[in-house]
2 protein chains.
Amino acid sequence: MPKRADLSATYCPVGRSAELLGDRAVLLIVRDLFFGNRRFEFIAANTGLGPQLVSARLKLLESEGVVERRPYQERPVRYEYWLTDKGKDLFDVLYAMRGWAERWAYRDGETGGGPAMRYIHRACGTDVGTAVVCPGCGASLGYGDLKGEASPALKAEQVRRDRLQSPSRG
Amino acid sequence: MPKRADLSATYCPVGRSAELLGDRAVLLIVRDLFFGNRRFEFIAANTGLGPQLVSARLKLLESEGVVERRPYQERPVRYEYWLTDKGKDLFDVLYAMRGWAERWAYRDGETGGGPAMRYIHRACGTDVGTAVVCPGCGASLGYGDLKGEASPALKAEQVRRDRLQSPSRG
DNA sequence: CTTGTCACTATGATTATCATAGTTACTATC
DNA sequence: GATAGTAACTATGATAATCATAGTGACAAG
């Protein structure tokens, strides 16, 4: 395709977000980073995206200040990708996307009765469903307030990263 | 590019949403529909997208049950596009995107001091800023609870649809 | 000195997107 | 009644993004 039109030259805030977030690869990578999946190879494996796409998008996200590259070892130098504050602030967007999908994107019983991903309010232990305000205690819910638990179906499909993320538990 | 990988075959709710929402054109079109911009030509003009893209995406959105096509006149038959309940439920996602952009995507003073788009809680009149819970009365905020007001900068750039949307006020 | 790990880059085929122009089905004006 | 709108699209060709697959560089371990 010809160079895609630059839509960031708008005053509309949705338009500005869309320039970055209107991209499957970006969304999936950011999702994985929220899940604690920080290594290049695992991001590529878990998202199903090719390495060039992952590489290109991580560079884009870094240049946008959403992601930060940090070496986690020398000899050989290897990098991990971490969300910055600007990146962590995308939680609301992904959480809203998740809520919409839970309500509309599954056939009945597809996930075995419950949601594909359950969220528990850490402070009071309530299962929040797809709410943005805790139905138990009324607190508003942001990044860090929630503990996610994937359903068995979702867990089964996620790339196992036990080996690398917890090398001592082998 | 080769046929893009189908990522909807996942149990991850963000992945399922991303299949539809990870697309600039989809986001911009849905935004315009929320703004009440329901005609093909105006959507194309206001989003800056070409007619083939708008056509293709509207068909996709219709097949996904997000958008509904309704004739607004016979002779010749002309259609408008309306959000279904499933489509209206995307409000939270776009509102979260807007909030993120307001906080991160503008240089200081770019919009003349305030946000690019101001939202007022209809029930109590409070300017909600980028909150998901009204800072005035504590109610949670969804589609219909808010009244949006574009900043002068944003207004100036939007396609004027006064003529067609209110034909009587000429 | 061969194998393995991890973070990438290179290549070629395929397809989505863009800009521009054209089509269809009418109404309104000259 | 021929021409000029209007609105919702479709057709065409150029270009660039994406995919699958393979390869590279830097090092560690056996």
Side-chain angles (χ1 to χ4, degrees), chain A residues 1-7 18-20 22-29 32-33 37-62 67-82 159-161 163-165 167 170, chain B residues 1-7 9 18-20 22-29 32-33 37-62 67 69-82 159-161 163-165 167 170:
Chain A
M1 44 187 145
K3 184 159 56 184
R4 72 185 203 180
D6 181 14
L7 303 174
E19 189 65 25
L20 183 68
D23 182 289
R24 273 160 58 259
V26 163
L27 292 172
L28 295 175
I29 290 171
D32 267 36
L33 294 173
N37 217 352
R38 305 195 177 88
R39 304 255 174 105
F40 189 95
E41 293 278 291
F42 282 123
I43 292 170
N46 198 48
T47 56
L49 303 167
Q52 334 78 321
L53 237 196
V54 175
S55 174
R57 289 302 184 276
L58 284 171
K59 274 175 187 148
L60 172 65
L61 288 167
E62 201 184 353
V67 153
E68 203 175 53
R69 203 164 84 127
R70 295 189 198 163
Y72 66 90
Q73 68 169 39
E74 309 292 332
R75 333 190 37 79
V77 194
R78 294 284 157 75
Y79 297 96
E80 281 183 338
Y81 294 88
W82 290 75
V159 168
R160 259 173 228 308
R161 39 188 188 275
R163 273 175 307 169
L164 264 161
Q165 290 213 332
Chain B
M1 43 188 144
K3 184 159 57 184
R4 73 186 204 178
D6 181 14
L7 303 173
E19 188 66 24
L20 183 69
D23 182 289
R24 272 159 60 260
V26 164
L27 292 172
L28 295 175
I29 290 171
D32 268 35
L33 294 174
N37 217 353
R38 306 196 175 87
R39 306 257 175 105
F40 189 95
E41 293 279 291
F42 283 124
I43 292 171
N46 199 48
T47 57
L49 302 167
Q52 333 79 322
L53 237 196
V54 175
S55 174
R57 289 303 184 275
L58 284 172
K59 273 175 188 149
L60 172 65
L61 288 167
E62 202 184 352
V67 153
R69 205 164 83 127
R70 296 187 198 165
Y72 65 91
Q73 69 171 36
E74 310 291 334
R75 325 190 43 78
V77 194
R78 292 287 156 75
Y79 297 97
E80 282 183 337
Y81 294 89
W82 290 75
V159 169
R160 254 166 236 310
R161 41 187 186 275
R163 274 175 306 171
L164 264 162
Q165 291 214 328

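Just so we're on the same page: letters track the sequence lines, and every chain starts at 1. Just so we're clear, the structure is a prediction, and the values are computed from it rather than from any experiment.
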* Please report, rounded to the nearest Å, how far the P atom of D:dA17 is from the CD atom of A:E19. => 12 Å
* Mind running side chain to side chain contact (heavy atoms under 4.5 Å, CB included) on A:L20 and A:L60 for me, showing each step along the way? => CA-CA 9 Å; A:L20 183 68; A:L60 172 65; 4.0 Å; yes
* Asked: Is atom CZ of B:R75 surrounded by more than 12 heavy atoms (other residues, nucleotides or ligands) closer than 6.0 Å?
  -> no
* Asked: Rounded to the Å, how far apart are A:Y72 OH and C:dT5 P?
  -> 13 Å
Kindly give the atom pairs (protein nitrogen or oxygen, nucleotide nitrogen or oxygen) under 3.5 Å for nucleotides 8-10 of chain C.
| from | atom 1 | to | atom 2 | distance (Å) |
| --- | --- | --- | --- | --- |
| C:dC8 | OP1 | A:R69 | NH1 | 2.9 |
| C:dC8 | OP2 | A:Y81 | OH | 2.3 |
| C:dT9 | OP1 | A:K59 | NZ | 3.0 |
| C:dT9 | OP2 | A:S55 | OG | 2.7 |
| C:dT9 | OP2 | A:K59 | NZ | 3.2 |
| C:dA10 | N6 | A:Q52 | NE2 | 3.2 |

* Asked: What's the spacing between B:L27 CG and B:T47 OG1 if we round to 0.5 Å?
  -> 12.0 Å
* Heavy-atom pair of closest approach, residues B:F40 and B:V54 -> CE1-CG1, 3.7 Å
* Tell me: CZ of A:R24 to P of C:dT17, nearest whole Å? -> 10 Å
* To do: Report yes if a side-chain nitrogen or oxygen of A:R57 is closer than 4.0 Å to either non-bridging phosphate oxygen (OP1 or OP2) of D:dT18; otherwise report no.
  => yes
* Once you round it to whole Å, what is the distance between C1' of C:dC6 and CD of A:E74? -> 15 Å
* Asked: Expressed in angstrom and rounded to an integer, what is the separation of A:L53 atom CG from C:dA16 atom C1'?
  -> 14 Å
* Structure fact -> So CZ of A:R70 and CZ of A:R38: to nearest 0.5 Å the spacing works out to 8.0 Å
* Nearest 0.5 Å please: distance from the CG atom of A:N46 over to the CG atom of A:D32. => 4.5 Å
Shorter than 3.5 Å, N or O on both sides, protein versus nucleotides 23-29 of chain D: list them out with atom names.
none

* Structure fact -> Taken to the nearest whole Å, CG/B:D32 to C1'/D:dA8 is 16 Å
* To do: May I have the distance from B:L28 (atom CG) to C:dC18 (atom P), rounded to whole angstrom?
  => 10 Å
* To do: Please round to the nearest 0.5 Å and tell me the distance separating atom CD of A:E68 and atom OH of A:Y79.
  => 13.0 Å
* Asked: In whole Å, what is the span from the CZ atom of B:R39 to the P atom of D:dA7?
  -> 8 Å
* Among B:R39, B:R69, B:Q73, find the residue that satisfies the side-chain hydrogen bond (donor to acceptor under 3.5 Å, both in side chains) test when tested with B:E80. => B:R39
* To do: Would you name the heavy atoms of A:A18 and B:R24 that are closest together and state the gap between them?
  => O-CG, 3.2 Å
* Dot-bracket summary - DNA chain C, pairs being Watson-Crick or G-U whose distances fall under 3.5 Å, with | when paired to another strand -> ||||||||||||||||||||||||||||||
* To do: Determine, stepwise, if the pair A:L49 / A:I29 fulfils side chain to side chain contact (heavy atoms under 4.5 Å, CB included).
  => CA-CA 9 Å; A:L49 303 167; A:I29 290 171; 4.2 Å; yes
* **B:I43 vs B:L33, side chain to side chain contact (heavy atoms under 4.5 Å, CB included): CA-CA, chis, key distance, verdict** => CA-CA 8 Å; B:I43 292 171; B:L33 294 174; 4.0 Å; yes
